[in-house]
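Take a look at the structure set out below.
These figures come from a predicted structure and were not determined experimentally. To find a chain, count down the sequence lines: A is the first, B the second, and so on, and within it residues start at 1.
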Number of protein chains: 2
Amino acid sequence: MTRTMGVLGGKWKLIIISYLTQPRRFGQLAQRMSLISRKVLTEQLRELEEDGIVRREAFAEAPPRVEYSLTEYGRALLPILEQLSAWHSAAPATAAVQ
Amino acid sequence: MTRTMGVLGGKWKLIIISYLTQPRRFGQLAQRMSLISRKVLTEQLRELEEDGIVRREAFAEAPPRVEYSLTEYGRALLPILEQLSAWHSAAPATAAVQ
DNA sequence: AGGGATAGTTACGCAGAGGTAACCGGTTTA
DNA sequence: TAAACCGGTTACCTCTGCGTAACTATCCCT
């Protein structure tokens, strides 16, 4: 568990992953997650890539195009994240009020 | 997803929850998670309590006894955490090498 | 009377996570 | 010729998460 948190620890990582249900360009990600700065978005994507969760594909075009997608391993996280979301939206009233 | 991260964001919270498969006293938790300071442990437990995930029961004894346990809502997280652990231990070789 | 056990709280300080703003390089478009 | 597009990178600064250490209250035991 502690190690799992090491890989998914950044407060943005699970959010980034949940946006990668399909391949997306860097600009698309930055636009949809306007709360995260470009710098941090780049950093987290690099780390996810190192951990084998995300695949980065750069096309030698102009203007540049870079697509991010989930690896097999990363895709395996999606159903778990859905369960997490479902869990959270099922919060009992006493907690939801807070 | 963003909100879910708000609730489970602290890097210790999921770890704390995974230790609460059964009711535990504060001292037990502090002992098992020696890497987390007592101060932060208290803070995170309070937040988990506010979010309806953890129940805190203080006994009017001396020396004081306080037991923490998961609510129904919190207990529903356990199977999901197990899946997360399983996912991580199934990391492909390319990622595991890093 | 003094010490130990439990479950904290408080004050203080630091490191690192994250934000902001400016800049870059190659190519197309006006 | 200049500007726009895209995907960054870099320097700098701020803020917050977390750690350490000291302190507290209550009761029991010696």
Side-chain angles (χ1 to χ4, degrees), chain A residues 1-20 22-51 53-71 74 98, chain B residues 1-20 22-51 53-70 98:
Chain A
M1 200 69 240
T2 310
R3 287 191 217 162
T4 309
M5 283 303 97
V7 175
L8 303 176
K11 86 174 171 191
W12 295 109
K13 285 194 182 168
L14 292 189
I15 298 170
I16 293 175
I17 293 171
S18 72
Y19 270 114
L20 282 177
Q22 47 182 289
R24 296 213 186 272
R25 303 182 56 172
F26 181 83
Q28 288 180 305
L29 292 173
Q31 212 168 4
R32 280 170 154 271
M33 297 180 282
S34 51
L35 288 180
I36 180 175
S37 67
R38 296 170 85 81
K39 188 195 85 167
V40 174
L41 179 57
T42 313
E43 285 171 5
Q44 310 260 313
L45 282 169
R46 291 280 184 278
E47 289 178 25
L48 288 171
E49 196 191 352
E50 277 177 24
D51 289 327
I53 296 168
V54 156
R55 182 173 22 245
R56 177 182 186 273
E57 196 173 2
F59 298 87
E61 302 174 359
R65 179 160 64 101
V66 176
E67 277 191 4
Y68 291 93
S69 55
L70 293 177
T71 62
Q98 306 299 338
Chain B
M1 199 68 240
T2 309
R3 286 192 217 161
T4 309
M5 284 302 98
V7 174
L8 303 175
K11 85 173 173 193
W12 295 110
K13 285 193 181 168
L14 291 189
I15 298 171
I16 293 175
I17 293 171
S18 71
Y19 271 114
L20 282 177
Q22 48 183 290
R24 296 211 185 274
R25 303 182 55 172
F26 182 82
Q28 288 180 305
L29 291 174
Q31 213 168 3
R32 282 170 153 271
M33 296 181 283
S34 50
L35 288 180
I36 180 175
S37 67
R38 295 172 85 81
K39 189 196 83 168
V40 173
L41 179 56
T42 313
E43 285 172 3
Q44 310 262 313
L45 283 168
R46 292 278 185 280
E47 289 178 26
L48 288 171
E49 196 191 351
E50 277 178 25
D51 289 326
I53 296 168
V54 156
R55 180 172 26 243
R56 177 182 186 274
E57 197 173 358
F59 298 86
E61 303 175 353
R65 180 161 64 102
V66 177
E67 277 190 2
Y68 292 93
S69 55
L70 292 178
Q98 309 297 341

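- Residue contacts shown for A:L35 are limited to sugar-phosphate atoms, with no base heavy atom under 4.0 Å away.
- Going from atom CG of B:L8 over to atom P of D:dG17 covers 15 Å, rounded to whole Å.
- At the heavy-atom level, A:L41 lies nowhere under 4.0 Å from the strands shown.
- Judged purely by atom type and a 3.5 angstrom limit, B:R32 has no side-chain atom pairing as donor or acceptor with the backbone of B:Y19.
- Note on A:R65: only backbone sugar-phosphate atoms sit closer than 4.0 angstrom, heavy atoms only; bases stay farther off.
- Side-chain nitrogen and oxygen atoms of A:Q44 include at least one within less than 4.0 Å of the OP1 or OP2 phosphate oxygen of C:dG18.
- Rounded to an integer number of Å, the gap from A:Y68 OH to D:dC6 P is 15 Å.
- The residue among A:P63 and B:G27 whose nearest nucleotide of DNA chain C is located toward the 5' end is B:G27.
- Within 6.0 Å of CZ in A:R3 there are 12 or fewer heavy atoms belonging to other residues, nucleotides or ligands.
- Distances were taken from every side-chain heavy atom of A:F26 (C-beta onward) to each of D:dG7, D:dC18, C:dG19; the shortest belongs to D:dG7.
- As a whole-Å value, the separation of A:R56 CZ from D:dC6 P is 16 Å.
- Of the residues near DNA chain C, A:A62 and A:S37, the one whose nearest nucleotide (by heavy atom distance) lies more toward the 5' end is A:S37.
- Atom CD of B:E61 has more than 12 heavy atoms from other residues, nucleotides or ligands within 6.0 Å.
- Protein atom CD of B:E61 is 12 Å distant from nucleotide atom P of D:dC27, rounded to whole Å.
- In this structure, the CD atom of A:Q31 is 11 Å from the P atom of D:dG7, given to the nearest Å.
- Among the atoms of the strands shown, none is found under 4.0 Å from any heavy atom of A:F59.
- The listed nucleotides are D:dG19, C:dG8, D:dG8; the one nearest the side chain of A:V66 is D:dG8.
- In the set D:dG19, D:dC18, D:dT26, the nucleotide with an atom closest to the side chain of B:P64 is D:dT26.
- The main-chain N or O of B:Q44 is never found under 3.5 Å from a side-chain atom of B:K13 such that the two would form a donor-acceptor pair.
- When each of C:dG18, C:dA11, C:dA5 is scored by its nearest atom to the side-chain atoms of B:K39, the top-ranked nucleotide is C:dA11.
- Side-chain proximity of A:T42 to D:dC18, D:dG8, C:dA7: nearest is D:dG8.
- For the pair B:E43 CD and C:dT9 C1', the computed distance is 10 Å after rounding to whole Å.
- Rounded to whole Å, the distance from CZ on B:R25 to P on C:dA5 is 13 Å.
- Close to D:dG7, at under 4.0 Å from its OP1 or OP2, lies no side-chain N or O of A:R38.
- The B:V40 side chain lies nearest to D:dC18 when the options are D:dC18, D:dC6, C:dT6.
- For A:W12, the listed nucleotide lying nearest its side chain is C:dG18; candidates were C:dA7, C:dG18, D:dC6.
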